[in-house]
Every structure is written in C-alpha cells, then in structure tokens.
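Down below is the structure, laid out as structure tokens.
Chain naming here is simple, since letters A, B, ... match the order of the sequence lines and numbering starts at 1 in each.
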Amino acid sequence: MPELAKTYEPASVEERWYAAWLEQGCFTARPERVSDQRPAYSIVIPPPNVTGVLTLGHVLNNTIQDILARRARMLGKEVLWLPGTDHAGIATQTVVERTLKKQGVIRHRDDLGREKFLEKVWEWKDKHGGIIIQQLKKLGASCDWSRERFTMDPEYSRCVSQVFVELYKKGLIYRGKRMVNWCPVSLTALSDEEVTMKPQNSTMFHFREEVAELPGTWLTIATTRPEVIPGDTAVAVNPKDERYAHLIGKHVIRPLPVNLPADQKLIPIIGDEHVDFEFGTGVLKVTPAHDMADFEIAQRHNLPVIDVMNPDGTMNALAGESLVGLDRFEARNVAVDRLRELGVLDKEEPYQNNVGYSERADVPIEPRLSEQWFLKYPSVAESKACVAEGRMKFFPDRWAKVYDHWMENIRDWCISRQLWWGHRVPVWYRGDETYCGIDAPEGDGWTQDTDVLDTWFSSWLWPFATMGWPEKTDTLAKFYPTTDLVTGPDIIFFWVARMIMAGHEFMGELPFRNVYFTGIIRDKQGRKMSKSLGNSPDPLDLIAKFGADALRFGVMRSAPLGTDVTYDEKNVELGRNFCTKLWNAARFRQMQGGEHEAEIIPRMLTADDKWILLQLDRAVQEVTRALEQYRFSDATATLYRFFWSEFCDWYLEASKAALTSDDDARRSTTLAVLDFVLSHTLRLFHPFMPFITEELWHGLGYCDDMPADQGGRTIMNAPWPKPLTNDERHYMDIDPSHEEFAQQRYEVVNAGRGLRRDFNIASSKRVRFVLRCGAGYLTEHDHAVLELLLAADPLDLADAEWQAPKGTPVALTPLGELLLPLEGLIDASAERDRLTKEIAKVEQELGKVRAKLADTNFAGKVPPQVLAEHRQREETWAQKLEQFQRMLEALG
RNA sequence: GCGCGCUUAGCUCAGCGGUAGAGCGCUUGCUUCACACGCAAGAAGUCACAGGUUCGAACCCUGUAGCGCGCACCA
C-alpha cells in the first residue's frame with residue numbers, strides 16, 4: 001500500500017473516487033434486486049432549476065439526502081436516489097429573455113415569436129442545463145444519474161398532459177373569468193402562493209364626492225389608490241351605519257375621469273355589510289376590476305366592472321385623458337393632483353399597509369379580472385388525514401400544523417400562465433368547440449390554448465412521473481412510495497402539499513413516508529443568503545479550498561433539526577481540520593506497519609483497549625439513533641467527540657505504550673484494536689464524508705475484507721456498524737468496570753497535568769511523579785501508559801507510608817495521591833495556598849450536599865436512588881476534604 | 001389580528017426535572033518521533049424577565065418583553 005501523503009489533498013481524491021463509483025454503477029438502482037431481505041429505499045431530489053447554480057441551500061439539502069442514501073446502502077437496502085431538474089417556467093423564461101435583450105438580439109420576446117423564442121430557451125437549457133448537475137457531482141451526491149429526469153422531457157410532458165386531461169374530465173379543472181394575481185412585469189397570472197405581502201409606507205388620501213341628489217352633501221372616502229377612481233362603479237357604506245344609511249340608493253358624482261358628461265359620472269351608493277364603519281371614514285369606494293374584495297361586492301350588487309388598466313400596469317383609455325398611458329404609480333400622483341385641483345382632496349396622511357408582491361419580479365401585483373384555468377384540488381381529505389394520523393411524518397413535526405392549516409383553508413389553484421416556456425395547456429378550440437386531450441384533435445381548424453401551466457403543475461407529479469408513470473414500470477412498482485423527502489419549509493405549499501394530493505389522486509397512495517424540512521441558511525447577521533446581498537459564498541469555491549467532505553461535514557454540523565443555519569466559514573474550516581485529523585490518525589496506523597487482519601486476542605486486551613471499544617460501541621449507538629431521528633448535527637457532534645477526544649486524544653496516545661513494547665502479542669492486538677476502531681469509524685463517517693473515507697478504506701486495506709464481487713469493494717457497500725452483541729462482549733471480556741478503571745487512570749493523568757500547570761512545568765518536560773497507590777497495584781502495561789501520558793520519567797509507585805518532602809505538590813486521584821516532587825523548588829507556602837483553595841472548594845460542595853440531606857423535606861420525599869446518590873456524593877466530598885486537610889497538616 | 005418558533009459562556013448552538021455543556025474565539029505553556037489544519041492546561045454563565053407547581057426548575061405551567069417565521073387582512 002503506498003504511503004499516505006502528509007496532508008489530505010481532496011481535489012484529486014474526490015475526482016478519482018467519483019469517477020470510480022460511476023464506472024462501477026454504484027449509484028444505479030436495480031429494482032430486480034429488491035426483496036424481503038433487500039428492502040427498497042428511495043428518495044427523489046427536489047429538482048433544482050435547470051439553469052440554476054449550486055447554492056449553500058442545495059449543499060445542505062443534498063448532503064442530507066446523500067447521507068440518507070449512503071447509509072441506506074450500508075444497511076443493505078436497494079437505493080434509488082432519483083435526480084433531475086425543473087424547467088422553472090417564469091424564472092428561466094425571464095433569465096433567457098433578459099439575456100437576449102442584453103445581447104441585443106431582441107427588444108421584446110414578441111420580436112422572435114413563440115417558436116423562435118422557445119428554440120432560444122432550449123439552446124440556453126442545453127448550454128447551462130448541466131451546470132448544477134455537475135456541481136452536485138462535485139459534492140459527492142450519489143444520485144442514480146441513469147434515471148435523471150427533466151420536467152420538460154417528452155415522457156414527463158405527456159404525464160402532465162394526461163393529468164390535466166383526467167382532472168378536466170373529472171370536472172376539477174375548469175376555465176373561468178375571475179380575479180387573479182397579475183404580475184405586470186412578467187405579464188402573467190400567478191397563484192396565491194406566489195404572492196408575498198410586504199409592508200409599505202403609503203399615503204392614505206381622503207377625498208370628497210358630492211351626493212348628486214342632495215347638492216351640498218358630501219361623502220368623504222379614504223383610499224390608498226386614487227388612480228383607480230375611474231374604475232369605481234359604486235360607493236359602499238354599511239347599512240347599519242346611521243351616518244350614511246339614508247344615502248343608500250342615491251348617487252355620488254365621481255370626480256375622475258375628467259371630461260366625461262355629467263350623467264356618466266354618477267355612481268350608486270350601495271349598502272354592504274363588508275364595510276367596516278370603524279375604518280377610514282366608513283365609506284368605501286368600490287373598484288371591482290382592481291380589488292378582490294370589491295369584485296365580490298360587485299358580484300353581490302350586479303355592478304359593472306370597469307378595467308382601467310393595461311396588462312403591463314399602465315392606465316388605459318377608460319382611465320380618462322389625464323391618466324391614459326401612465327404607469328400606475330405615476331397615475332397615482334396625477335390623480336391626486338386632479339383631486340387637489342378640484343378642491344376635493346381633504347387630507348393626505350402617511351399610512352402603513354401591506355401590499356402583495358410578485359415573488360419573482362418583486363413588484364406589486366395587480367388584482368386583475370381575466371380568463372384563467374383553475375384546479376379544484378383533488379384528494380384533499382386523504383392528504384390531510386395521512387399527516388394528521390401520522391402515516392406520513394414531518395420532521396420537525398410542527399410543520400404538520402402549518403400544513404394542516406393550509407389544507408383546511410385551501411382555495412382553487414390558478415394553474416395557467418401567460419408564458420411560453422412550460423407545458424402548453426392541452427386544450428384546443430374550434431369555433432364553439434373545446435377539446436381536451438393529450439394529443440391534438442383530428443381535423444382542421446383547431447387552435448391550441450396559448451397558455452402554459454404553472455411550473456408546480458408539473459413538479460407536483462415528480463415522485464411518480466419520474467418513475468415512468470403511467471406505465472407500470474419496475475421502478476415504480478419497487479420504489480414508490482418513496483421513503484424520505486428532504487426539502488425546505490418555504491415550499492411546503494408550493495410543492496409538498498401538492499405532491500401529497502397528486503400522489504393520492506393518481507397513485508392511490510402517499511408519495512413519501514417522511515418529510516424532512518431543512519432550515520434556511522443565513523449569514524452571520526441572520527440575513528437570508530441572496531445574490532443581491534452578495535452574502536452567499538459559492539460552494540464550489542469552498543470545495544476547492546477545503547474539500548467536499550469538509551464542506552459537507554461543516555454544514556451538517558451547524559444544521560440542527562428545526563432551526564435555521566447560520567453559515568460561518570469557520571465551520572467548513574473545522575470540517576477541513578477534521579478531515580486532516582482523520583487522515584493523520586490513519587497515517588499513524590499505517591506507520592506502525594503490520595497487516596490489518598491481525599486478530600484481536602481477548603486475553604491481551606488492555607483496559608485502554610476495552611475502554612475504546614466501549615466508547616466506539618456507544619458512538620455507534622448514538623450515531624445510529626441520531627440518524628434514525630434525522631438529527632444530523634447530533635450525529636456529527638458524536639462523531640467528532642468520539643474520534644477526536646476519545647480515540648485520538650486518549651486511546652491513540654495510550655496505544656503508543658503498547659506499540660513500543662517488546663511483546664509481539666500485545667503489539668499485534670493493539671494494531672487489531674486500532675484497525676477495528678478505524679474500520680468502524682470510517683464506516684460511521686462515510687455517509688457524511690464519502691471521499692476521504694473511501695480513500696482511507698482502500699489506503700488502510702480494509703477493503704480487502706470485502707467480497708471481491710461486490711461492486712469493487714467500495715466502502716459504500718460495507719455494512720453499517722452494529723453495536724456489540726453480548727457474545728462479543730463476553731468473548732472480549734468487556735464490561736463497564738474496565739471502562740471505569742481506564743477512566744480512573746485518565747483522571748490520574750489529568751491530575752498530573754494540572755500539577756504541571758500549577759507549578760509551571762512544560763507539558764513536554766519529563767519529570768518524576770509518585771503515585772501513592774501501593775506497588776504492584778498496576779500492571780506493567782497500565783504503568784507504562786500512565787508514564788507515557790504523564791510524560792513521567794519515572795512514575796514511581798509508593799506505599800501509603802511513603803513520605804514526600806514537605807511542600808511537595810500533591811493531587812487526589814481515584815487511584816491514590818499523585819505527587820510531583822520538585823527538586824530544589826519546594827515552596828511550602830505556595831502549596832499551602834493551593835491546598836487552602838482546594839479545601840474551600842470542597843467545603844462548599846460538601847456544604848451544599850449536606851444542606852440538602854439535612855432538609856427533612858428532601859430526605860422524606862425524594863426517590864431512594866436520588867437519596868443514595870446524594871449520600872455517595874457526601875461521602876466522596878468528605879473523604880476529599882479529610883485528605884486535603886491531612887495534606888495541609890503535613891505541610892506543617 | 002390569529003398561530004408557531006426562538007431567547008443558555010464574547011459568537012454559533014447542545015442540554016428539556018436531580019452537581020451548567022460543546023465547537024469557535026480568548027489566555028498560558030509547548031517545534032512531545034500521526035497531526036501547529038496540532039498538543040496540554042485555563043478563564044469565562046442571576047440558563048430573557050415575573051409569578052406558580054415541586055423536596056428540587058435552564059428544563060413543567062401562567063404571564064410579560066424582545067427577535068424571527070407562517071397565515072389572514074380594512075379601502
């Protein structure tokens with residue numbers, strides 16, 4: 001085996017192993033291998049935007065999925081991690097359109113026309129579509145690339161059409177002219193979920209309108225949107241409002257638009273319960289074409305609907321000469337000027353309100369009446385029930401409540417978009433005829449609906465459409481429903497809820513059993529990562545600098561279940577340091593030589609060996625449990641503690657005593673324990689850090705223990721470590737008392753190091769220690785370990801009678817008093833001060849315990865076990881106190 | 001307005017009924033033959049606040065404040 005380099009060089013290792021895994025088909029799922037003994041495990045990737053680039057959010061999300069997939073393989077499952085990309089309608093179309101404009105190819109997409117423009121989008125997709133996939137590979141994602149899907153693949157598109165047709169035939173999809181959220185920039189309708197409310201500093205304008213039938217009587221109206229006054233078709237008051245009730249049925253004179261004949265300016269005063277008399281002036285202007293609530297009022301009262309705006313947010317001719325052609329915000333200013341000129345503007349006051357914004361274009365949406373396609377959600381009851389009844393689990397489970405609330409108040413989904421990039425609505429028209437089908441109808445003269453479908457209308461089919469539905473493929477039969485879904489809580493409604501409904505509706509079953517919601521990655525100031533803030537580091541840079549494993553480990557370590565992740569490059573650095581530590585521990589093992597298959601000889605096991613085997617066992621159990629509960633940061637914390645503190649700091653240092661001994665059996669047993677622990681550790685680490693563990697798995701030769709026919713002896717297929725069985729414990733003669741003994745010796749070491757510190761002796765300087773435990777109490781090996789770890793030269797064992805020179809520093813340990821004889825440096829007063837301080841501490845602790853025990857309330861009511869613990873504690877402190885006092889007396 | 005979450009060491013977070021923990025940062029030693037991306041030792045906390053339950057509360061209950069998120073929304 002070639003000697004390992006001094007530091008780990010991730011780049012070449014990562015590239016080499018990823019290529020090897022691909023070549024050996026390690027990621028390919030084989031449905032034919034699924035059986036009772038080899039259960040299926042599946043997960044579908046949340047498809048990233050096809051033209052997107054990798055962000056830290058993707059790193060978090062996909063590392064989690066990779067950990068789950070890799071661990072499932074090690075548990076002997078047949079794993080399918082199905083990857084792919086999303087066409088991301090608006091996002092992609094916007095990017096391509098903007099780029100073409102920048103390049104001067106077009107001024108507007110209409111310059112090219114639908115077909116030509118789509119050609120450009122496909123060109124763009126072919127050019128940039130592979131980027132994020134390549135980046136996921138850099139991260140080490142073990143996706144089954146042979147099954148990669150794209151939401152605009154021909155087969156996938158057929159699924160989308162088929163689903164549309166089926167829902168149409170069931171009467172769940174319908175077309176209607178309704179109020180929708182309109183984005184004046186993207187020029188398309190949006191779903192309710194694509195609108196986010198933002199607080200705005202607006203102005204509330206109060207203006208007067210005169211009652212036509214009662215000249216001199218004015219109604220004052222409060223509004224934030226004076227520019228849509230030309231669209232007002234009524235003024236509403238609450239019929240119970242005594243101030244205004246008598247005016248119902250009369251009319252007011254609308255001040256805008258100007259230049260209309262007087263009779264056309266009259267609009268009715270109506271009574272409607274919707275009007276809140278507390279708010280504003282208690283008089284509401286009703287603008288049915290530009291406000292959702294007003295539209296409903298208009299329907300109740302059969303009011304005309306006057307749309308005064310163009311699709312792009314500019315005012316149309318109906319807004320009148322003074323406003324026509326102006327952008328809605330300019331128009332607002334002009335409208336205010338007009339009101340002022342007319343002398344009817346009473347008041348302007350600053351006002352904070354919430355305005356719906358288009359999530360994508362980041363501009364206020366415009367409520368707009370238009371002809372759109374809507375879906376009445378299917379399988380709502382089942383979808384609600386499966387989460388409520390716990391058949392599908394959410395992690396953390398508080399999201400179940402959010403889901404439930406949304407499902408309870410679910411409203412029809414506007415699924416049509418006035419875009420070009422996407423799945424075309426599979427509906428054709430000819431005269432009065434309408435045809436809905438997967439393929440175009442026979443005969444001439446049919447024209448297809450020009451709208452495309454909301455991107456999520458394809459994404460919601462992802463779990464089964466990617467597996468070949470509607471064909472009954474092997475993949476679908478074996479891997480659906482999927483096991484886990486890993487995604488962000490921000491798309492719980494956009495995607496998760498809808499997939500659950502589609503799963504029930506088309507597969508008759510839930511699409512996944514567990515949903516893990518990641519946190520959102522934030523910067524150190526707690527802000528979301530975003531391109532515009534420039535606070536989002538490029539994961540590829542981090543991989544280049546620290547290695548993919550370091551990035552993965554660092555991110556997982558800082559991402560506890562249920563909380564947002566504060567990103568700090570320090571964490572990645574920590575991951576890099578950890579990789580180096582692992583690498584160097586492996587190097588240490590390699591430098592000892594010897595074959596790795598050296599067998600453990602139970603009778604040769606030292607207390608240290610048994611101790612580390614028990615710590616390993618504990619780590620195996622903890623990591624396993626943490627992963628079962630999706631507590632990834634807990635798993636990394638355990639791995640870190642076990643490997644760094646327990647294995648490297650204690651065991652590996654202690655093992656040096658055995659490794660330099662003349663006893664061959666001891667030597668080879670120690671090597672065997674090192675190998676046992678390392679090979680288990682590598683496997684525990686593998687899901688988190690796939691590259692370095694594979695490299696060391698081969699570098700240390702552990703791969704040789706695997707059957708040659710199993711996919712190239714990769715650690716990917718090595719068995720996940722199991723806790724020790726009772727038989728194994730018995731065979732190796734391991735029991736908790738050995739752990740305690742080892743621990744006690746380590747306490748001696750700590751005490752010795754403490755003495756060094758107190759007396760300013762460098763940790764590396766070899767000095768004489770005396771342990772008053774009686775000769776022959778320790779085995780030769782245990783003694784050698786203590787000597788090594790204390791850097792003692794020598795460590796003498798003495799009887800209780802042994803007297804040190806007065807003022808010799810001494811520390812209490814579970815194995816006896818540890819003395820540090822200082823030749824010529826004895827300072828009795830310094831030691832007296834030190835002991836006095838120790839005594840004060842002990843007395844304080846003893847006092848606390850005694851006070852509790854003296855409390856009859858405590859002693860009478862506490863469970864016996866707790867009482868016993870306190871008694872034990874009291875005894876220990878009392879003993880210590882006595883010993884310290886004796887030491888102080890000895891000082892004279 | 002309704003709901004959810006958070007508040008523990010300078011920073012990021014564990015702990016969720018029985019003596020306050022980790023990593024980073026900080027301090028002090030150390031070129032100890034795997035590793036200075038390291039080793040060793042150390043300082044550092046009225047566990048947001050106020051009540052309550054309990055023998056005992058960071059942990060359970062009630063309320064308050066601050067921060068964050070979701071839903072709804074009155075022009």
Side-chain angles (χ1 to χ4, degrees), chain A residues 4 6-8 197 204-205 221-225 236 274-287 291 293-294 297 351 353-354 356 396 398-399 401-402 405-406 408-409 489-490 492-493 520 522 524 526 546 550 557-560 562-568 570-571 573-592 631 633-634 636-637 640-641 644-645 648-649 652-653 656 660 749-750 753-758 760-766 788-789 791 845 848-849 852 855-863 865-867 869-870 873 877:
Chain A
L4 296 172
K6 190 168 175 186
T7 47
Y8 173 56
M197 299 307 259
M204 182 69 86
F205 302 96
I221 300 172
T223 183
T224 52
R225 298 204 64 187
H274 169 80
V275 180
D276 177 353
F277 19 132
E278 308 276 312
F279 189 88
T281 59
V283 184
L284 171 69
K285 69 185 200 64
V286 182
T287 324
D291 187 279
D294 290 5
I297 295 175
Y351 180 68
N353 62 344
N354 287 320
R398 64 190 152 87
W399 292 110
K401 220 175 212 177
V402 176
H405 182 255
W406 188 76
E408 191 66 45
N409 299 288
D490 47 334
I492 185 167
F493 310 136
I520 293 164
R522 298 176 180 281
K524 274 185 264 185
F546 299 108
R557 198 185 135 77
S558 53
T563 53
D564 286 352
V565 182
T566 311
Y567 172 76
D568 183 347
K570 284 272 175 210
N571 283 312
E573 210 176 306
L574 179 106
R576 189 268 318 265
N577 295 353
F578 192 58
C579 286
T580 306
K581 189 76 177 174
L582 182 58
W583 184 260
N584 278 301
R587 265 180 81 222
F588 171 79
R589 166 63 191 94
Q590 194 184 49
M591 288 164 76
Q592 307 309 314
R631 296 157 59 111
S633 65
D634 285 357
T636 58
Y640 191 93
R641 185 208 69 223
W644 203 303
S645 310
C648 289
D649 289 349
L652 208 139
E653 291 304 322
K656 288 173 182 174
T660 51
V749 174
N750 281 332
R753 288 170 176 170
L755 287 177
R756 276 178 188 275
R757 164 83 181 190
D758 289 344
N760 280 321
I761 297 165
S763 53
S764 57
K765 193 183 177 202
R766 297 190 171 275
L788 180 75
L789 296 183
E845 291 300 325
K848 269 199 267 180
V849 181
K852 266 201 167 178
D855 186 345
T856 48
N857 250 337
F858 176 78
K861 295 193 179 173
V862 102
Q865 199 198 330
V866 175
L867 194 61
E869 274 168 26
H870 279 78
R873 211 176 293 156
W877 286 120

Exercise for the section: With rounding to the nearest 0.5 Å, note down the distance linking CG in Leu574(A) to NZ in Lys581(A). Expected result: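 Result: 12.0 Å between the selected atoms.
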Handout entry: Tyr640(A) OH to Asn577(A) CG distance, which is reported to the nearest 0.5 Å
Key =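 The distance works out to 7.0 Å.
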Handout entry: Torsion-based syn/anti label for rU46(B), 90° from 0 as limit
Key =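 Classified syn.
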Exercise for the section: Looking at every strand, decide which applies to Asp649(A) at a 4.0 Å heavy-atom threshold: base, sugar-phosphate, or nothing. Expected result: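 The residue Asp649(A) makes sugar-phosphate contact but no base contact.
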Problem - Parallel, tilted or perpendicular: rings of Phe858(A) and His870(A) (30°, 60°) - result: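 Plane angle over 60°, so perpendicular.
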Table of protein N/O atoms under 3.5 Å from nucleotides 5-9 of chain B N/O atoms:
none

Handout entry: side-chain hydrogen bond (donor to acceptor under 3.5 Å, both in side chains) partners for Arg753(A), two or more places apart
Key =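 With neighbours one apart ignored, the set is empty.
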Handout entry: Qualifying residues under side-chain hydrogen bond (donor to acceptor under 3.5 Å, both in side chains), relative to Arg631(A), sequence neighbours excluded
Key =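 Counting only residues at least two positions away or on another chain, Arg631(A) forms a side-chain hydrogen bond (donor to acceptor under 3.5 Å, both in side chains) with Asp634(A).
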Are there any protein N/O atoms within less than 3.5 Å of an N/O atom in nucleotides 60-62 of chain B, and if so, which ones and at what distance?
none

Exercise for the section: Return yes if the base of rC4(B) and the side-chain atoms of Lys401(A) contain a donor-acceptor N/O pair under 3.5 Å, otherwise no. Expected result: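 By the distance-only test, no, there is no pair.
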Handout entry: Donor-acceptor pair (no angle test) under 3.5 Å: Glu653(A) side chain, rA40(B) base
Key =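 It does not, because no donor-acceptor pair links the side chain of Glu653(A) to the base of rA40(B) below 3.5 Å.
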So, for [X] and [Y], which heavy atoms are closest and what is the spacing to 0.1 Å?
X: Thr636(A); Y: Arg557(A); answer: OG1-CA, 3.3 Å
X: Gly575(A); Y: Ala550(A); answer: C-CB, 3.6 Å
X: Asp564(A); Y: Ile520(A); answer: OD1-N, 3.0 Å
X: Trp583(A); Y: Thr7(A); answer: NE1-C, 3.6 Å

Who passes side chain to side chain contact (heavy atoms under 4.5 Å, CB included) against [X], sequence neighbours left out?
X: Phe493(A); result: Glu193(A), Val402(A), Trp406(A)
X: Ile297(A); result: Ile270(A), Asp272(A), His274(A), Leu284(A), Val286(A), Asp294(A), Arg300(A), His301(A)
X: Gln592(A); result: Phe588(A), Arg589(A), Leu659(A), Leu671(A)
X: Arg641(A); result: Arg618(A), Glu622(A), Thr638(A), Ser645(A), Glu646(A)

Which of the following nucleotides, [options], is nearest to the side chain of [X]?
X: Asn584(A); options: rU12(B), rC35(B), rG15(B); value: rC35(B)
X: Ala585(A); options: rG18(B), rG38(B), rA34(B); value: rA34(B)
X: Trp644(A); options: rG23(B), rA41(B), rC39(B); value: rC39(B)

Problem - Any Arg756(A) side-chain nitrogen or oxygen under 4.0 Å from OP1 or OP2 of rG42(B) - result: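 No, Arg756(A) has no side-chain N/O under 4.0 Å of OP1/OP2 on rG42(B).
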Fill in the blank from the handout: Scoring nucleotides 24-33 of chain B by protein non-hydrogen atoms under 4.0 Å (B base, S sugar-phosphate only, - none) yields SS--BBS-B-
Handout entry: Whichever of Lys848(A) and Tyr8(A) has its nearest RNA chain B nucleotide further upstream toward 5'
Key =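 Upstream on the strand: Lys848(A).
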Handout entry: Pairwise 5' ranking along RNA chain B for Val565(A) and Gln592(A), keeping only the more 5' one
Key =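 Nearest-nucleotide comparison on RNA chain B picks Val565(A).
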List every contact pair, protein side and nucleotides 71-75 of chain B side both N or O, where the distance is under 3.5 Å.
unit_1, atom_1, unit_2, atom_2, d
rC73(B), N3, Asn354(A), ND2, 3.0
rC73(B), N4, Asn354(A), ND2, 3.1
rC74(B), O2, Asp276(A), OD2, 2.7
rC74(B), N3, Asp276(A), OD2, 2.9
rA75(B), OP2, Tyr351(A), OH, 2.7
rA75(B), O3', Thr224(A), N, 3.4
rA75(B), O3', Thr224(A), OG1, 3.0
rA75(B), N6, Asp276(A), O, 2.6
rA75(B), N6, Phe279(A), O, 2.9
rA75(B), N1, Asp276(A), N, 3.4

Practice task
With sequence neighbours left out, write down each residue that passes salt bridge (Lys or Arg N to Asp or Glu O under 4.0 Å) with Asp649(A), or none if nothing qualifies.
Solution key: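 With neighbours one apart ignored, the set is empty.
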Handout entry: Dot-bracket summary - RNA chain B, pairs being Watson-Crick or G-U whose distances fall under 3.5 Å, with | when paired to another strand
Key = ((((((((.[[[[.)..(..]]]].(((((.......))))).....[[[[[..)....]]]]])))))))....
